[in-house]
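Ligands are counted one by one from 1 in listed order, and the atoms in each one are counted from 1 as well.
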Amino acid sequence: MCGIVGYIGHREAYPVVLKGLQRLEYRGYDSAGIALYDGAELKMCKTKGKVADLKTKLEAEISTKGTVGIGHTRWATHGEPNDVNSHPHYSNSGDIVIIHNGIIENYDSLKKELKTRGYEFKSDTDTEVLVNLIEDVISKEDVKLGKAVQIALNQTIGAYAIAVFNKQKPDELVVARLGSPLAIGVGEDEFFIASDASPFIEFTNNAIYLEDGEMAVVRRGKEVKIRKIKDDSLVDPYIQELQMNLEQIEKGGYEHFMLKEIHEQPSAISDTYRGRMLVDEGIIRMAGMDDNMERIANAKRFIIVACGTSWHAGLVAEYIFEDIARIPVEVEYASEFRYRNPVISENDVVIAISQSGETADTMAAIKLAKEKGAFTFGVCNVVGSSISRETNAGAYTHAGPEIGVASTKAFTTQITVLTLMALKLGKFKGTISHSDFQYHLREMELIPNKIKDSLKSDTIIREIANIYKDAPNCLYLGRGYNFPVALEGALKLKEISYIHAEGYPAAEMKHGPIALIDEQMPVVVIATKKGHYEKVVSNIQEIKSRKGKIIAIVTHGDEEVRDLADHVIEVPETIESLTPLLTTIPLQLLSYHIAVMLGKNVDQPRNLAKSVTVE
Ligand code: F6R
């Protein structure tokens, strides 16, 4: 969380940094700030609120001139969101300025030590401690900024992506990372620094992704020098060519990124299977699996670690892997798994699912699994992300950048990849017949068009949203493959509309939640033909006899549920294991429309951030 951006070169830094912050705002948005150096003066402006508030304040208060600049958009960890705690932070002399994404865990003891040496602190942040520690090293050891940053970082415990500028050395920026992402855009005599590549994509396609434990000094007009923070050894910079384009990270005529991303699902899913699923040949190609097939297929069990929506995709995968590939699966919250001394052996394959590939708990769970000898496999969306690099092998989801904080296309493309994995394994192990395998591939090929069809229910969904937008609670029920979809539907509603919602396995309702049902309670029931249909219909009867309001997601042409439910939303028919790819769509739209009608900030819901790089 938190977005950092920086520029050093021949252009005016302000527009680059400002635009970069707007692109990174999904990472945190409770406050923002920018520091600029115009060759004589180091100026700074910061404020509680959004990047738009910063723009107004900055343009009124300081000159925007300067060819060096750093900026930050914050998701508060230490210290409440206010002007003072916003980044950048100055050192006591006012010469050095820093932006930081992460947490310095031992900041309190470092702060006490610095105070004994006369340092004063204006903010409650760990970051202000770090910048003064750097200044202290320079004053005590008479070293350059890069060395001082290195010495200071070696005294810290925690996680960081930082950019530091010293006006006494105005031709360089020093950056470092441990546990938080940091990319360096390499242009002609200019460098861009950012938490991901989106801020500099229109200026350069060349990027260096720092590895954990690395730092770099970028000098105007010179080459980048990368070193290991621990032992000072030099690292050869690896410059990657980026595949991202500008269009992918803009709204393209939609009112919100979330809506755009919901509508992108047909193409995101076909991008995810294209080149992998060779239907006529009856083959699935996935390099990460092909290269490690024996190890993966001989696993005694799969453990899936993930958080939030990705954890829900993991639950769907549990059904698919057990059903198709007959491998026992456990699905774990990464945050619980990493701290509970889990039993892991060399016979386990641990699969991390993560859109960002940066989630701190998922990353830690993977590291733990590796230490214990398990084979690790990453299902990530962001290419080159930390989890994708840390795992032994993996498969990308190819959903394209997901900017709305609420995950949509990441979820359905994760399910797509996991389904391909299960089918490939099932074929290899002989747990699925050839004809069934082919049938699955052909059905998967039809999914993008069926999603387009599901998106046509938008008008009905909008009407339903209007009826229930003021409900204080909502229940989501599903069985089998659609149970995780119920959880996901409830999460979507909670996170963007702030309405309390719970997802439940439909049959569990009578063991407690049925007590909640009265004529005020909207209950969303996923009741598609494939998937314990008759049982779900009985559950609907139970709700109806207690006067709950029923919104049912049904298969095209279903008349039975139509007679029982208050509202129905139809989705096309498909095979049971693929129904989550269709039933999820109306639930995403329902939460979207409710949130819009309630006037909520759909793309940047309160208290959330897209990439949770702190535990
Ligand atoms: C919900 C949402 C979060 C993420 C979770 C994991 O809409 O976006 O619950 O799914 O923070 O993030 P990743 O997938 O990046 O590891």
Within a distance under 4.0 Å of any heavy atom of Lys492, pick out the atoms of ligand 1 and give their elements. 1 (C), 7 (O)
Rounded to the nearest 0.5 angstrom, the OH-CD distance for Tyr209 and Glu214 is 14.5 Å
Could you tell me if any non-hydrogen atom of Thr408 lies under 4.0 Å from any atom of ligand 1? no
Identify, for atom 5 (C) of ligand 1, the protein heavy atom at the shortest distance, and state residue, atom and that distance. Cys307 O, 3.7 Å
Which residues share a side chain to side chain contact (heavy atoms under 4.5 Å, CB included) with Ala490, sequence neighbours left out: Tyr476, Ala501
Indicate yes or no for a side-chain donor-acceptor contact from Gln265 to the backbone of Ile585 under 3.5 Å, with no hydrogens or angles considered. no
Presence of salt bridge, Lys50 and Asp53, under 4.0 angstrom: no
Side chain to side chain contact (heavy atoms under 4.5 Å, CB included) with Arg285: which residues, sequence neighbours excluded? Leu278, Ile283, Asp290
Could you tell me which atoms of ligand 1, counted from 1 in the order shown, lie closer than 4.0 angstrom to a heavy atom of Ser310? 10 (O), 13 (P), 14 (O)
Can you report which non-hydrogen protein atom sits closest to atom 8 (O) of ligand 1, along with the distance? Val405 O, 3.2 Å
For atom 10 (O) of ligand 1, grab the closest protein heavy atom and report residue, atom and distance to one decimal in Å. Thr309 N, 3.0 Å
In the protein, what heavy atom is nearest to atom 11 (O) of ligand 1, and what distance, to one decimal place, separates them? Val612 CG2, 4.0 Å
Considering only protein heavy atoms, which is closest to atom 12 (O) of ligand 1, and at what distance to one decimal place? Thr359 OG1, 3.4 Å
List the closest protein heavy-atom neighbour of atom 7 (O) of ligand 1: residue, atom name, distance to the nearest 0.1 Å. Glu495 OE2, 2.6 Å
Enumerate the atoms of ligand 1 whose separation from the nearest heavy atom of Ser354 is less than 4.0 angstrom. 13 (P), 14 (O), 15 (O), 16 (O)
Numbering the atoms of ligand 1 from 1, which are under 4.0 Å from a heavy atom of Ala406? 7 (O)
Test: Lys450 and Asp453 ion pair at under 4.0 Å: no
Lys367 with Glu371: basic N within carboxylate O range, under 4.0 Å: no
Please work out which of Gly308, Ser356, Ala360 has its closest non-hydrogen atom nearest to atom 15 (O) of ligand 1. Ser356
Strictly below 4.0 Å, N to O, side chains only: are Arg23 and Glu202 in salt-bridge contact? yes
